[in-house]
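One structure is given here, and the rest of the page talks about it.
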Amino acid sequence: MLVSFCKRIIRNASIWIPATALFVSGAYLGYRYWDYRTAESGYEEMAEKYVCRNGHAARATEPSPPAIPDSGTEADDAEPVGTDGEGDSEILPNIPTIDWVEMKKEGKDIKAWLEIPALDIRYPVVQGSDNDVYLHHMPSGEYKYAGSIFMDCQNSQGFTDVNTILYGHNMDSGAMFGKFRDFSQADYDKAPYIWICIPGKAMLYQITGFHIAHVGDGTYKLFSGYQQSEKADKWIKEEAAKSSIASPLPDDYIPRMVTLSTCASRSDERRVIQAVLVREIRTAIR
């Protein structure tokens, strides 16, 4: 009897243990999908509510390479602006305008708004007291595995450093910086620029490189203060030379670079997009 009972237990266990494992696995995957989806929905809602371009929601605007005006041009409420005020001058379309008063209600540590038109990436940028705070938290502080796009805690929040580093997860869904996996020459050719907006200013960056970096290498060098020096310029040129796509440095760039970093296949590697500042446009603060 005892032997028969034990055999029955073993036979039943061979059924319910795999079934339980399958259920738990399915529940976990379901939770992760819900977690990813609710996080992304939150960011999409922020873009719709707080970001406008020429009076229209940002999501309604197709990415197109802008004509570039002189540095310091003012864009009142993100209206198209000319390079010199003449009627036949080039214009700079699609300047994001942020409702900072309302945006900052979503999180006290929101410092900027990031857009990469070629990859349809639009996110707020936060900065915490360390680089772990927003690894798995939304700007509101709510836990979400996808976390936030966040600036290195040692960087100046005004993007005045020679190298400002922004981190984001490489999500399987393509969210955050997950689309870096597929960044190509065609993407660069379509829209080789990045917008970063802070209160009172929209900054236009030109992409200068895409490459695989290694943790702790020169790509992550942090300079002290705002250094328009030969040393900084040399570093920028060295970084641009690492690019795996044809993305030359513009002739008149300002020696300030953004390094956008996400995970790669190996634990000691990172996919990186870098861009240099080419123009700063004053925007209305509201």
Side-chain angles (χ1 to χ4, degrees), residues 31-53 57-61 78 95-117 119-161 163-180 194-203 205 222 258-263 270-273 275 283-286:
Y31 166 76
R32 287 292 292 268
Y33 176 79
W34 172 84
D35 186 71
Y36 297 159
R37 190 57 239 157
T38 54
E40 198 62 15
S41 294
Y43 287 124
E44 290 171 356
E45 184 177 352
M46 291 176 70
E48 291 172 351
K49 290 170 63 176
Y50 310 131
V51 185
C52 293
R53 188 179 283 103
R59 288 169 56 82
T61 305
I95 304 172
T97 300
I98 317 301
D99 186 342
W100 288 109
V101 173
E102 294 302 316
M103 173 79 79
K104 285 181 173 286
K105 291 179 181 178
E106 298 284 346
K108 62 182 177 62
D109 289 330
I110 294 176
K111 306 300 183 185
W113 180 261
L114 167 71
E115 294 194 1
I116 310 176
L119 296 176
D120 195 29
I121 288 175
R122 301 183 183 93
Y123 289 106
V125 177
V126 295
Q127 185 181 39
S129 57
D130 58 49
N131 288 339
D132 294 327
V133 175
Y134 289 104
L135 195 61
H136 297 299
H137 287 86
M138 298 279 283
S140 64
E142 180 185 6
Y143 178 87
K144 294 291 180 184
Y145 185 83
S148 302
I149 303 300
F150 62 94
M151 186 192 312
D152 193 285
C153 64
Q154 299 180 72
N155 276 130
S156 165
Q157 65 183 33
F159 288 80
T160 56
D161 296 329
N163 186 25
T164 298
I165 306 172
L166 305 183
Y167 304 97
H169 281 298
N170 176 15
M171 303 300 290
D172 291 338
S173 65
M176 310 310 284
F177 286 166
K179 293 177 182 177
F180 283 20
I194 291 171
W195 282 112
I196 294 178
C197 302
I198 60 176
K201 187 183 296 184
M203 294 173 287
Y205 291 79
L222 291 173
V258 288
T259 297
L260 313 179
S261 176
T262 192
C263 295
R270 299 291 183 267
R271 288 188 180 91
V272 169
I273 291 177
T283 57
I285 301 177
R286 62 177 187 178

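Model, not experiment: these values are computed from the prediction. If you read the sequence from its start, that first residue is 1, and numbering goes on from there.
Residues satisfying the ring-ring contact (aromatic ring centres under 6.0 Å, His included) test with H169, not counting sequence neighbours, are H136, Y145. Y205 meets the ring-ring contact (aromatic ring centres under 6.0 Å, His included) test with no other residue; sequence neighbours excluded. Every residue meeting the salt bridge (charged side-chain N to carboxylate O under 4.0 Å, His left out) condition with D120, not counting sequence neighbours, appears here in chain and number order: R122. Applying the side-chain contact (heavy atoms from CB on, under 4.5 Å) rule to E45 yields the partners K49; only residues at least two apart in sequence or on another chain are considered. Under the rule for a side-chain contact (heavy atoms from CB on, under 4.5 Å), the partners of N131 that lie at least two apart in sequence or sit in another chain are F150, D152, C153, Y167. The ring-ring contact (aromatic ring centres under 6.0 Å, His included) test applied to F177 returns F180, not counting sequence neighbours.
Between the side chains of Y123 and E40, at least one donor N or O lies within less than 3.5 Å of an accepting N or O. Side-chain contact of Q157 with K111: a donor-acceptor pair under 3.5 Å is present, judged by distance alone.
Residues T262 and G168 share a closest heavy-atom pair of OG1-O, 2.7 Å. When every heavy atom of A202 is checked against every heavy atom of W195, the shortest pair comes out as CB-CZ3, 4.0 Å. Of all heavy-atom pairs spanning S261 and R270, the tightest one is OG-CB, 3.8 Å. Residues M151 and V125 come closest through the heavy atom pair N-CG1, 4.0 Å. Across N170 and G178, no two heavy atoms sit closer than the pair OD1-CA, 3.4 Å.
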- With side-chain contact (heavy atoms from CB on, under 4.5 Å) as the test, would you mind laying out the steps for K201 and F159 before giving the verdict? CA-CA 11 Å; K201 187 183 296 184; F159 288 80; over 6 Å; no
- Just do the side chain to side chain donor-acceptor pair (under 3.5 Å) check on S156 and D161 with the steps written out, would you? CA-CA 6 Å; S156 165; D161 296 329; 4.8 Å; no
- Item | Stepwise side-chain contact (heavy atoms from CB on, under 4.5 Å) test for Y143 and M138 | CA-CA 6 Å; Y143 178 87; M138 298 279 283; over 6 Å; no
- Item | Steps toward side-chain contact (heavy atoms from CB on, under 4.5 Å) verdict (I196, V258) | CA-CA 10 Å; I196 294 178; V258 288; 3.6 Å; yes
- I198 vs W113, side-chain contact (heavy atoms from CB on, under 4.5 Å): CA-CA, chis, key distance, verdict: CA-CA 7 Å; I198 60 176; W113 180 261; over 6 Å; no
- Query: What do the steps show when you test E142 against K144 for salt bridge (charged side-chain N to carboxylate O under 4.0 Å, His left out), and what is the final call?
  - Reply: CA-CA 6 Å; E142 180 185 6; K144 294 291 180 184; 3.7 Å; yes
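Not a single donor-acceptor pair under 3.5 Å links the side chain of T283 to the backbone N or O of T97. Remark: side-chain polar atoms of D130 are paired, donor with acceptor, to backbone N or O of V133 under 3.5 angstrom.
Taken to the nearest 0.5 Å, the CD1 atom of I165 stands 4.5 Å off from the CG atom of L222. Atom CD1 of I149 is separated from atom OH of Y134 by 13.5 Å, given to the nearest 0.5 angstrom. One finds the CD1 atom of I121 at 8.0 Å from the CG atom of L260 (value rounded to the nearest 0.5 Å). Interatomic distance, M171 CE to C263 SG, rounded to the nearest 0.5 Å: 10.5 Å. The CD atom of Q127 sits 9.5 Å away from the CG atom of L166 when rounded to the nearest 0.5 Å. Put simply, CG on D109 and NZ on K104 are 8.5 Å apart, with the number rounded to the nearest 0.5 Å.
Side-chain contact between M46 and I110 is present, with heavy atoms from C-beta onward closer than 4.5 Å.
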